[in-house]
Undergrad: 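Quick one: this structure, given as structure tokens, is what I'll be asking you about.
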Amino acid sequence: MLSRLVFVSGHALKNNGSFGACLVQASRSFHQSSQSLAPVPPLPEKGGKVRHGIFPEELFTLLYPKIGVTGPYMLGTGLLLYMLSKEIYVINHETFAAASIGAVIIYGVKKFGPSVADFADKLNEEKVAKAKEVKDLAMANLTQAIVDEKKEQWRVEARQMLFDTKKNNVAVLLETNYRERLHMVTNEVKKRMDYQVALQNLHRRMEQEHLVNWVEQNVIKSITPQQEKESIAKCILDLKVLAKSTQARATA
């Protein structure tokens, strides 16, 4: 009966084109709105509190101010009795099959639920541990990359200082070469000037020697043999007089 009702309702909704267009338009507006760009809140690890296995606690909390504490139970019972009395829902073999299947499901959940939950939690913890390990490894790699990048930036800054130092060294080397060449040119010029001075001194000395020799030769040539004899005799006489005076001074 329920399956037939659902089938009839679904067929009616399928034939209603305006309702389908509204759903499409609503889905488009939802996916294209600014809300789709908002961060999605994380899913809770555990479900909310429920009653009787399927009824959420929020439903009872919502109905308490209106119909009291026993109101939700009376409302559920009244709806069930209304559906049964009006034959909206007819109890047949499908009801017993659904009850049997529900009982089996409830028994399976109660019996194997904790072990399956522990197994699922274990798998989840392993996945979380692997994801955390990958995250930690990625964070370590990124941290090391940041450190390496900062080191490379520091090296780039130090490279600029190194370039400045090399420029200064090249400038000092060029200045040293300039000073050395200037000193070499000064020495060469001094040597040439000293050579010229020495050459002039040599010419002057040779001229003086030549002049002295010429004068001496001319003087010698101008002396006659008679004058030479008289000069020798005069020298001998002067020597004798000088010897006598020296001897007399020695005896005195």
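Worth knowing before you read on, the calculation uses all heavy atoms, side chains too, and leaves out hydrogens, waters and symmetry mates.
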Undergrad: When you compare the side chain of Pro72 with that of Ile67, does any pair of heavy atoms fall below 4.5 Å?
TA: yes
Undergrad: Could you check whether atom CD of Glu126 has more than 12 heavy atoms from other residues, nucleotides or ligands sitting under 6.0 Å from it?
TA: yes
Undergrad: Testing the basics here: between Tyr89 and Leu84, what is the closest heavy-atom pair and its distance to 0.1 Å?
TA: O-CD2, 3.4 Å
Undergrad: Less than 4.5 Å apart, side chain to side chain, heavy atoms only: is that true for Arg155 and Lys151?
TA: yes
Undergrad: Is Lys234 paired with Asp238 through a side-chain N to carboxylate O contact shorter than 4.0 Å?
TA: yes
Undergrad: Are Glu175 and Arg179 close enough, and set up right, to give a salt bridge (charged side-chain N to carboxylate O under 4.0 Å, His left out), and what steps lead you there?
TA: CA-CA 6 Å; Glu175 184 68 20; Arg179 297 292 180 181; 3.0 Å; yes
Undergrad: Do the side chains of Leu80 and Ile91 join up, straight or via other hydrophobic residues, at under 4.5 Å, putting them in one cluster?
TA: yes
Undergrad: Do the non-hydrogen side-chain atoms of Met206 and His210 ever get within less than 4.5 Å of each other?
TA: no
Undergrad: Can you tell me how far apart CD (Gln208) and CG (Asn201) are? Round to the nearest 0.5 Å.
TA: 9.5 Å
Undergrad: So with a 6.0 Å cut-off around OH of Tyr64, is the heavy-atom count from everything else above 12?
TA: yes
Undergrad: Any side-chain heavy-atom pair from Val69 and Phe60 closer than 4.5 angstrom?
TA: no
Undergrad: Quick one: pull up CG in Leu79 and CD1 in Ile88 and give me the separation to the nearest 0.5 Å.
TA: 9.5 Å
Undergrad: Within a strict 4.5 Å, meaning less than it, do heavy atoms of the Leu62 and Glu58 side chains meet?
TA: no
Undergrad: Taking Asn124 for its side chain and Ala120 for its backbone only, find out whether a donor-acceptor pair lies under 3.5 Å.
TA: no
Undergrad: Answer yes or no: are there more than 12 heavy-atom neighbours, outside Tyr73 itself, under 6.0 Å from its atom OH?
TA: yes
Undergrad: Would you please say whether a donor-acceptor pair under 3.5 Å links the side chains of Gln144 and Asp148?
TA: yes
Undergrad: If you measure from CG on Asn169 to CG on Leu162, what distance do you get to the nearest 0.5 Å?
TA: 9.0 Å
Undergrad: Find out whether Leu174 and Tyr178 are in side-chain contact, i.e. whether some heavy atom of one side chain is under 4.5 Å from a heavy atom of the other.
TA: no
Undergrad: Would Leu202 and Arg205 satisfy side-chain contact (heavy atoms from CB on, under 4.5 Å), going step by step from the backbone distance to the final call?
TA: CA-CA 5 Å; Leu202 179 62; Arg205 188 173 67 251; 3.0 Å; yes
Undergrad: Would you mind telling me which of Arg192, Met193, Lys191 makes a side chain to side chain contact (heavy atoms under 4.5 Å, CB included) with Val189?
TA: Met193
Undergrad: Rounded to the nearest 0.5 Å, what's the gap from CG on Leu173 to CG on Asn168? Could you check?
TA: 12.5 Å
Undergrad: Assess whether side-chain contact (heavy atoms from CB on, under 4.5 Å) is satisfied between Asn213 and Glu216, documenting all intermediate values.
TA: CA-CA 5 Å; Asn213 292 331; Glu216 184 179 358; 4.3 Å; yes
Undergrad: Rounded to the nearest 0.5 Å, how far apart are CD of Gln247 and CG of Leu242?
TA: 12.0 Å
Undergrad: Got a second to check how far Glu157's CD is from Glu152's CD, nearest 0.5 Å?
TA: 12.0 Å
